[in-house]
Amino acid sequence: MTKETKSLPEKSSEEHCIHKITVEPVIFCYAFGIILHVPVIQQYIHRRIAEEKGIIYNTTASLSNCDSMRATRNGETLKMQKEVQSEASFMQLGMVFSASAPSLLVALFLGAWSDRAGRRRVMALPIFGSAIESAIILWVIAFNLPIQTLLLAGFINGLCGFFPTMVLSVFSYVADITEESQRAFRLGILEATAFISGMLSHLSSGWLINKTGYKAPYMMILSLHTFALFYVVLKLPESRAKHLMENSNVKVFSLHHIRVIICIFTNPRSGERWRMCILMFTSGLMIVSSIGFGSVIVLYAIDRPLCCNSILIGYYLATSFFVQAVGAILGLKFLKMILSEHTLMQVGMISVICSLVMMAFVKSKRALFVACLGGIPTPVIRAMMSKMVDPDEQGALFAAVATLETICTLFGAALFNSIYPLFLHIGLNGFCFLVMAFLMVAALILTE
């Protein structure tokens, strides 16, 4: 008995060293690419639509589009600019739907399948899809193809699982190799890695667009996704190797996978079933708010009164991501010593609410740089749910989480890309941030 208790810590320490760096490089490269994609494609769509309407859009200028047209500003010009904003918002909505809708179905099957067939092959699929999407977008930019071709690129990425499948595979992988006591912090490290890569991508996005146009960012995205794909295939160890060997012939598209996901929420689980449902719904409200913010913030910053150029937008987004990364690491490492996971989650949610309310009334570029501890609530919620299920149900759980995120992504994009143009025409383009804050307040109330 004594020998066994002594050998276990030594083995755990050794395994900890071996698995110290596992999926972090994958998260860094993949997150860098998709986070860089969001502001770049929004600005590219805005430029293409503006050019079709005869508005000059010089990406290498030091001023923003609305600043550069100050000398020719009149009623007709302002009307055309609002039309460009509205059409760009709806085109962005179309891109979100083209990628997210097919990924919803794919993630449902791949999550439970990964519990029996391994995480690596599931993880490689969305990386491959994102690489194909970036190659098609690069082709559109190089040859000035119809802008609707972007929808095809997003659809192909969605068929490969897109972001939901990456989320379920990565977080299931971490759940496989960590103990419950360290899971929240380890998931927080992943969140922080994504935020840091996002910070770096946004710092580079503005300069790349300003100095080279739109080709260089997508060449970088394609390179990073290609590296991540080779890393998963050639370097990353399988966290469920035994299951991979024993169930190598498991079918991907089987109704059994759907039944497993349903059982996640129908099993009694010692009275914690409703608590898990509440956490899922809370997470959904947070995702809707987050997706809404990402959908409109670039268009909001480009338009009056802020009139930000590409570089300043990059600086703002980088600052926001950096603060969220710090919040995820320091909050989960040090604040957890004095606060419970539940309280820590609420503190992060309150900071997000304050940030959104302030954003609704921002009138100057300096005031735009408002930060929050938004990196804390998500990993805490995921860790809390992960502790409620068995080790063989981690993939099914995160498939449910990924499916929820996809549904909320579609709903959030539809909601806020509709609200923004509507209130833009009556001069209340900041109203959408108040709606996001209201959703966060509802999420906070649910956690009481």
Any side-chain heavy atom of Leu138 sitting closer than 4.5 Å to one from Met219? yes

Working to the nearest 0.5 Å, report the span between CD1 of Ile196 and CD1 of Ile27. 12.5 Å

Taking Glu87 first and then Arg48, would you say they form a salt bridge - that is, a charged N and a carboxylate O separated by under 4.0 Å? no

According to the interplanar angle, ranging from 0 to 90°, do the rings of Phe163 and Tyr30 count as parallel (below 30°), tilted (30 to 60°) or perpendicular (above 60°)? parallel

Partners of Phe97 by ring pair (Phe, Tyr, Trp, His ring centres under 6.0 Å), sequence neighbours excluded? none

Test side-chain contact (heavy atoms from CB on, under 4.5 Å) on Phe281 and Leu404; report intermediate values, then the result. CA-CA 9 Å; Phe281 192 69; Leu404 173 71; over 6 Å; no

Closest heavy-atom contact between Asn157 and Pro126? OD1-O, 3.9 Å

Polar side-chain atom of Ser197 near backbone of Ala194 as donor-acceptor pair, under 3.5 Å: yes

Assert yes or no for the condition that the ring centre distance of Phe195 to Phe322 is strictly below 6.0 Å. no

Hey, is CE on Met384 packed in by over 12 heavy atoms from elsewhere, all under 6.0 Å? yes

Do Met91 and Leu151 have side chains that approach each other closer than 4.5 Å (heavy atoms only, starting at C-beta)? yes

Measuring from Leu439:CG to Cys408:SG, what's the distance to the nearest 0.5 Å? 10.0 Å

What's the verdict on side-chain contact (heavy atoms from CB on, under 4.5 Å) for Glu52 and Val84, showing C-alpha distance, side-chain angles and the deciding distance? CA-CA 9 Å; Glu52 290 175 1; Val84 170; over 6 Å; no

As a quick check of understanding, evaluate ring-ring contact (aromatic ring centres under 6.0 Å, His included) for Phe433 and Tyr300, giving each step before the final call. CA-CA 10 Å; Phe433 297 106; Tyr300 182 73; 4.8 Å; yes

What residues form a side-chain contact (heavy atoms from CB on, under 4.5 Å) with Thr282, not counting sequence neighbours? Ile278, Met286, Met349, Ile381, Ala443, Leu446, Thr447

Quick one: pull up CD1 in Ile147 and CZ in Arg47 and give me the separation to the nearest 0.5 Å. 9.0 Å

How far apart are the closest heavy atoms of Val122 and Ser169, and which atoms are they? CG1-CB, 3.9 Å

Distance-minimising heavy-atom pair for Pro377 and Gly348: CG-C, 3.8 Å

Less than 4.5 Å apart, any side-chain heavy atom of Pro146 and any of Thr149? yes

Could you pull out the closest heavy-atom pair between Ile419 and Cys432, with the gap in Å? CG2-CB, 4.0 Å

If you define the side chain from C-beta out and look only at heavy atoms, does anything of Ile221 sit under 4.5 Å from Glu133? no

Quick check: closest heavy atoms across Val26 and Tyr231, and the distance to 0.1 Å? CG2-CD2, 3.4 Å

Set of side-chain contact (heavy atoms from CB on, under 4.5 Å) partners for Val96, sequence neighbours left out: Gln92, Ser100, Thr409, Ala413

Are the side chains of Leu356 and Leu434 in contact, using a 4.5 Å heavy-atom criterion? no

Exam field: side chain Ser355 to backbone Val352, donor-acceptor pair closer than 3.5 Å: no

Rounded to the nearest 0.5 Å, what separates atom OG1 in Thr22 from atom CZ in Arg119? 12.5 Å

Under the side-chain contact (heavy atoms from CB on, under 4.5 Å) test, residues paired with Ile132 that sit two or more places apart: Phe128, Ile136, Ile156

CE (Met199) and OG (Ser204) are apart, to the nearest 0.5 Å, by 10.0 Å

Side chains of Phe416 and Ile291: closer than 4.5 Å at any heavy-atom pair? no

Between atom OG of Ser290 and atom CE of Met436, what is the distance when rounded to the nearest 0.5 Å? 9.5 Å

Answer yes or no: is there a side-chain heavy-atom contact under 4.5 Å between Leu200 and Phe28? yes

Before giving the answer on side-chain contact (heavy atoms from CB on, under 4.5 Å), spell out for Met359 and Ile297 the whole-Å C-alpha distance, their side-chain angles and the decisive distance to 0.1 Å. CA-CA 10 Å; Met359 182 64 69; Ile297 183 60; 4.3 Å; yes

Over 60° means perpendicular and under 30° means parallel, so classify the ring planes of Trp139 and Phe143, tilted if in between. perpendicular

The ring pair (Phe, Tyr, Trp, His ring centres under 6.0 Å) partners of Phe431 (sequence neighbours excluded) come to Phe423

Report yes or no: does Arg120 contribute a side-chain atom to a donor-acceptor pair with the main-chain N or O of Pro237 at less than 3.5 Å? no

Are the side chains of Val140 and Tyr44 in contact, using a 4.5 Å heavy-atom criterion? yes

Between Ser386 and Ala175, what is the shortest heavy-atom contact and its length? OG-CB, 4.0 Å

Under the side-chain contact (heavy atoms from CB on, under 4.5 Å) rule, what do Met220 and Leu208 come out as? Steps first, then yes or no, please. CA-CA 10 Å; Met220 180 181 294; Leu208 287 171; 3.8 Å; yes

Tell me the side chain to side chain donor-acceptor pair (under 3.5 Å) pairs involving residues 218-227, sequence neighbours left out? His37-Tyr218

